[in-house]
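Heads up: the structure comes next, in structure tokens.
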Amino acid sequence: MPRSKITSTSKDLITDDGSVLVSVVHGEQTRLDIVVGFLTNLTGYTITAKVVEGNNVQGSGAKPTDPQPSGAVITLPIIDATPSDNQFEIVIPQTVIDTWVTTPEPDQAIYGFIGLEIADNGTGNNQQIWKPLRGLLEVRYSPTEAS
């Protein structure tokens, strides 16, 4: 079999399932149950989840392609009742968009970028950091949040 050209990019050695869409309703507080299939014990690992406000256009409902300039960056709470297993929960608080520039409208959601990072306890070149979840947080309108 012939070898491919050095510039060929037909194979990615690190794969994932792609980005996710997490859809919530304005004012809803929910938890995402995460099971890390590539680890069996999270003891000593640092878990970080964040949402970055998207550069939403009020009333458009369009998915942003950039973060909001000087927008909110929210660190999401992590609940890990049993660190010796490979399961934890990410909390999406009811206040997640309280400081955002835009708000959802009845037929127009707004978006942020969500990501999860898991780091082992190594240092420097001996540390591994994984990013197993990334995508969009979609926030839909709720009449109970209207003022």
Taking all heavy atoms of Pro64 and all of Gly54, pick out the closest pair and write down the distance. CG-CA, 3.9 Å
Suppose we screen for side chain to side chain contact (heavy atoms under 4.5 Å, CB included). Which residues come up paired with Ala109, at least two apart in sequence or across chains? Tyr111, Glu138, Arg140
Any side-chain heavy atom of Leu32 within less than 4.5 Å of one from Glu89? no
Pairs where residues 124-147 contributes a residue and the test ring-ring contact (aromatic ring centres under 6.0 Å, His included) is met, not counting sequence neighbours: Phe38-Trp130
Should Ile78 and Phe113 be regarded as members of a common hydrophobic cluster, given that ILVMFWY residues are connected when their side-chain heavy atoms come within less than 4.5 Å of each other, either directly or indirectly? no
Could you tell me which residues satisfy side-chain hydrogen bond (donor to acceptor under 3.5 Å, both in side chains) with Lys50, sequence neighbours excluded, listed by chain and number? none
ILVMFWY network linking Val139 to Val101, side-chain heavy atoms under 4.5 angstrom: no
Taking only residues two or more places apart in sequence, or in another chain, which ones meet Ser70 in a side-chain hydrogen bond (donor to acceptor under 3.5 Å, both in side chains)? none
Would you say Glu53's side chain and Ala72's backbone share a donor-acceptor pair under 3.5 angstrom? yes
Can a donor-acceptor pair be found between the side chains of Thr82 and Ser84 at a distance below 3.5 Å? no
One should read off an interatomic distance between Ile118 CD1 and Thr46 OG1, to the nearest 0.5 angstrom, of 10.5 Å
Show the nearest heavy-atom pair for residues Val51 and Gly112, with the distance to one decimal. CG1-CA, 4.4 Å
Atom of Val52, atom of Pro67 and distance for their closest heavy-atom approach: CG1-CB, 3.8 Å
Candidate pair Asp80 and Asp85, rule side chain to side chain contact (heavy atoms under 4.5 Å, CB included), full reasoning: CA-CA 9 Å; Asp80 192 358; Asp85 66 6; 4.1 Å; yes
Going from CG on Asp120 to CG on Asn126, what distance comes out if it is rounded to the nearest 0.5 angstrom? 9.0 Å
Please collect all ring-ring contact (aromatic ring centres under 6.0 Å, His included) contacts where either partner lies in residues 39-79, sequence neighbours excluded, each pair once. none
Selection residues 49-78 - residue pairs positive for ring-ring contact (aromatic ring centres under 6.0 Å, His included), sequence neighbours left out: none
Please identify each residue that fulfils side-chain hydrogen bond (donor to acceptor under 3.5 Å, both in side chains) with Gln87, with sequence neighbours left out. Asp33
Is the closest side-chain heavy-atom distance between Pro104 and Val25 below 4.5 Å? no
Is any side-chain heavy atom of Leu137 less than 4.5 Å from a side-chain heavy atom of Val24? yes
Would you please name every residue forming a side-chain hydrogen bond (donor to acceptor under 3.5 Å, both in side chains) with Thr43, sequence neighbours left out? Asn41
Connected to Ile79, directly or through other members, by ILVMFWY side-chain contacts below 4.5 Å are Val91
So do the side chains of Ile114 and Leu136 get within less than 4.5 Å of each other, counting heavy atoms only? no
Residue pairs, two or more places apart or on separate chains, that pass ring-ring contact (aromatic ring centres under 6.0 Å, His included) and touch residues 50-95: none
Heavy-atom side-chain proximity of Leu76 to Thr48 below 4.5 angstrom: no
Summary of salt bridge (charged side-chain N to carboxylate O under 4.0 Å, His left out) pairs that have at least one residue in residues 125-136, sequence neighbours excluded: Asp16-Arg134, Glu117-Lys131
Which pairs, with at least one residue in residues 90-110 and sequence neighbours excluded, count as a side chain to side chain donor-acceptor pair (under 3.5 Å)? Gln58-Glu105
For Asn86 and Val35, run side chain to side chain contact (heavy atoms under 4.5 Å, CB included): C-alpha distance rounded to whole Å, both residues' side-chain angles, the deciding distance at 0.1 Å, then the answer. CA-CA 6 Å; Asn86 64 341; Val35 178; 3.8 Å; yes
